[in-house]
Amino acid sequence: MRSTGFRRTLIALSTFSLALTACGGSGDGSAGGKTRITVNCMPPKSAKVDRRFFEEDIASFEKQNPDIDVVAHDAFPCQDPKTFDAKLAGGQMENVFYTYFTDAGHVVDINQAADLTPYVKELKSYSTLSKQLRDIYTVDGKIYGIPRTGYSMGLIYNRKLFEKAGLDPDKPPMTWEEVRADAKRIAELGGGTVGYADYSAQNQGGWHFTAELYSQGGDVVSADGRKASIDTPEARAVLRNLHDMRWVDDSMGSKQLLVINDAQQLMGSGKLGMYLAAPDNIPILVKEKGGSYKDLAIAPMPGGKGTLIGGDGYMFQKKDTPAQIRAGLKWLDHMFLTPGKGFLGDYVRAKKRHAPVGLPEPRLFTGAADAEDQRIKKANANVPVGNYQTFLDGNQKLRMKIEPPHAQQIYSVLDGAVSAVLTKKDADVDQLLEEASDKIDGILARD
């Protein structure tokens, strides 16, 4: 799944409803002697600041490249799973179109992606991007997409509640045993305070189960992607820990079947000690849920073995001409992939418009490009960056793992296991995992 905010645009848009525009291909890509490309994921008019940023950046791009005409289509969410495949199959997808990391293999499998390999040398930023993220869009040695942002899961916690519970907010829990102990102490503050919250509905429970399993060193499917691998000691540890926090410690509250908005509401109101999320949740907690930047911090995933990563990027329509591909790559460089500049990276502009600057992610670049991006970000930071240092330090030691194949179908299955242990005191963990394993095997067998 994508994280719920993830980039400044999604943060600003999270309260707005879906607004789709008609968005077809662009024929041969010529318009008045110019190369014309359609692109998507433009903020709608209702998100005034982000819309202005996007329009400013397109205008500056076209001024620098007078032979290219960019036609942007707005929509939220940037990709609608209900219409995504139909748009691809019907030739209605934009020339340069937004995808989640988990889409890359699927789009290639159905033969709807242009092969960028012959052109990617023209993308100035390509070698500066994280190889791990680049590899997500590389299939059988060929490059089919360009990563734009990336996130990793961590543990968001309330520093004020840690202090009230007699815990050191500068030493967040690093193991699941410590999470359990700290959650119990926070819950004992009373007054409806919840020590630790987790999702267990709308596929989000399965998403978090996967993240927690990665943190224990486990996996959801086998290395070859053909069999489930959840009937394991690591998976049992995940469910038993949740069960014991819920029923033995009473540190997770009585209300269950939560989704992300529920946890955000609790955290923003100061009634929640900890929950799993990516750093992009923090501005949402402040802007929409009543939280305070000084009280909110993030630590790496407990367990010390791994974390779930996700993110997004752009792919190119199969029918794009060479000129459109070259134009699209130039546009990506200008909009998203130049350190300290563009829609996501112009920290000077963001600070002037009171957008948050200084969050620990996304971290897209490596080497000198990363150093430059971080330098400009630090110089313009308007959030307490010290609250995120533990996350940054700890993440360097973790194995980064993308979501499993058929993620949404698998998450739906795992939702049942997570919700059972949180709503039934006598839930049989072994049986739940055995049954879930069989169902996941069935999903994987359909390939």
Side-chain angles (χ1 to χ4, degrees), residues 5-16 19-21 23 26 29 31-32 34-79 94-98 123-125 128-129 146-149 280 283-284 287 311-314 324 326-359 361-362 364-365 369 372-383:
F6 193 62
R7 56 193 179 89
R8 205 163 54 241
T9 301
L10 294 190
I11 291 167
L13 297 179
S14 60
T15 58
F16 295 101
L20 287 174
T21 61
C23 44
S26 59
K34 297 183 178 183
T35 298
R36 178 178 181 269
I37 56 170
T38 54
V39 302
N40 64 2
C41 204
M42 182 185 194
K45 294 178 181 178
S46 52
K48 295 180 181 178
V49 172
D50 288 317
R51 177 82 170 205
R52 191 177 308 127
F53 285 173
F54 206 92
E55 289 175 338
E56 288 173 358
D57 292 333
I58 287 179
S60 65
F61 174 77
E62 290 183 331
K63 184 176 181 179
Q64 294 174 30
N65 298 273
D67 58 336
I68 299 174
D69 179 31
V70 179
V71 179
H73 297 150
D74 60 349
F76 182 77
C78 292
Q79 176 187 320
E94 288 82 2
N95 299 118
V96 187
F97 60 94
Y98 173 97
L123 186 68
K124 293 183 294 183
S125 62
T128 73
L129 305 179
I146 309 298
R148 186 194 63 156
T149 54
D280 64 343
I284 295 174
K287 292 184 176 183
D312 57 43
Y314 277 91
Q324 287 176 312
R326 291 188 170 99
L329 291 174
K330 282 186 178 181
W331 179 75
L332 289 176
D333 254 336
H334 181 87
M335 289 290 291
F336 307 116
L337 305 179
T338 301
K341 297 184 182 297
F343 180 62
L344 300 177
D346 190 339
Y347 305 121
V348 175
R349 177 177 65 181
K351 183 179 181 179
K352 288 180 180 177
R353 308 284 179 86
H354 306 292
V357 178
L359 296 173
E361 288 182 337
L364 184 65
F365 304 104
E372 176 67 2
D373 190 65
Q374 295 304 308
R375 182 189 67 78
I376 300 171
K377 180 190 285 188
K378 183 177 181 180
N380 291 279
N382 56 9
V383 296

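We use all heavy atoms of the structure for the numbers below, so side chains are in, but hydrogens, waters and symmetry mates are not. None of the values given here were measured: they were computed from a predicted structure. We count residues from 1, following the sequence as given.
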Would you give the length of the straight line joining atom CG of L344 to atom CE of M335, rounded to the nearest 0.5 angstrom? 8.0 Å

How many angstroms lie between atom CD of E372 and atom CZ of F365, to the nearest 0.5 angstrom? 10.5 Å

Which atoms form the tightest heavy-atom contact between D50 and F343, and what is the distance? O-CE1, 3.5 Å

By salt bridge (charged side-chain N to carboxylate O under 4.0 Å, His left out) - contacts of R326 (at least two apart): E122

Are any side-chain N or O atoms of N382 and backbone N or O atoms of P356, one a donor and one an acceptor, separated by less than 3.5 Å? no

Looking at every non-hydrogen atom in both residues, tell me the closest pair between A327 and T35 and how far apart they are. CB-CG2, 4.0 Å

Quick one: closest heavy-atom pair of D74 and P43, and the distance? CB-O, 3.7 Å

Could you give the distance from CZ (F53) to CD1 (I58), rounded to the nearest 0.5 Å? 14.0 Å

Who passes side chain to side chain donor-acceptor pair (under 3.5 Å) against N380, sequence neighbours left out? none

Which pair of non-hydrogen atoms, one from N95 and one from R36, has the smallest distance, and what is that distance? OD1-O, 4.0 Å

Who pairs with R52 by salt bridge (charged side-chain N to carboxylate O under 4.0 Å, His left out), at least two apart in sequence or on another chain? none

Could you list the residues that satisfy side chain to side chain donor-acceptor pair (under 3.5 Å) with S125, not counting sequence neighbours? D333

Taking all non-hydrogen atoms of both residues into account, name the closest pair between L359 and V383 and its distance. N-CG2, 4.1 Å

For E56, all residues meeting side chain to side chain donor-acceptor pair (under 3.5 Å), sequence neighbours excluded: R349, R353

Is there a donor in the side chain of S60 and an acceptor in the side chain of H334, or the other way round, less than 3.5 Å apart? yes

Please name the pair of heavy atoms, one in Y98 and one in C41, separated by the smallest distance, quoted to 0.1 Å. CD1-SG, 3.7 Å

Here the gap from Q374 atom CD to Y347 atom OH, rounded to the nearest 0.5 Å, amounts to 6.5 Å

Check the orientation of F336 and Y314. Use parallel for under 30°, tilted for 30 to 60°, and perpendicular for over 60°. parallel

K341 NZ: over 12 foreign heavy atoms closer than 6.0 Å: no

Interatomic distance, CD@Q324 vs CD1@I37, rounded to 0.5 Å, equals 8.0 Å

F97 side chain near Q79 side chain, heavy-atom distance below 4.5 Å: no

Determine whether T149 and L364 satisfy the following criterion, side chain to side chain contact (heavy atoms under 4.5 Å, CB included), listing intermediate values before the conclusion. CA-CA 6 Å; T149 54; L364 184 65; 5.9 Å; no

Sub-4.5 Å side-chain heavy-atom contact between L129 and P147: yes

I68 and W331, any side-chain heavy atoms less than 4.5 Å apart: no

For E55, which residues count as a side chain to side chain donor-acceptor pair (under 3.5 Å) partner, sequence neighbours excluded? R51

Any side-chain to backbone donor/acceptor pair from E62 onto V70? Under 3.5 Å, distance only. yes

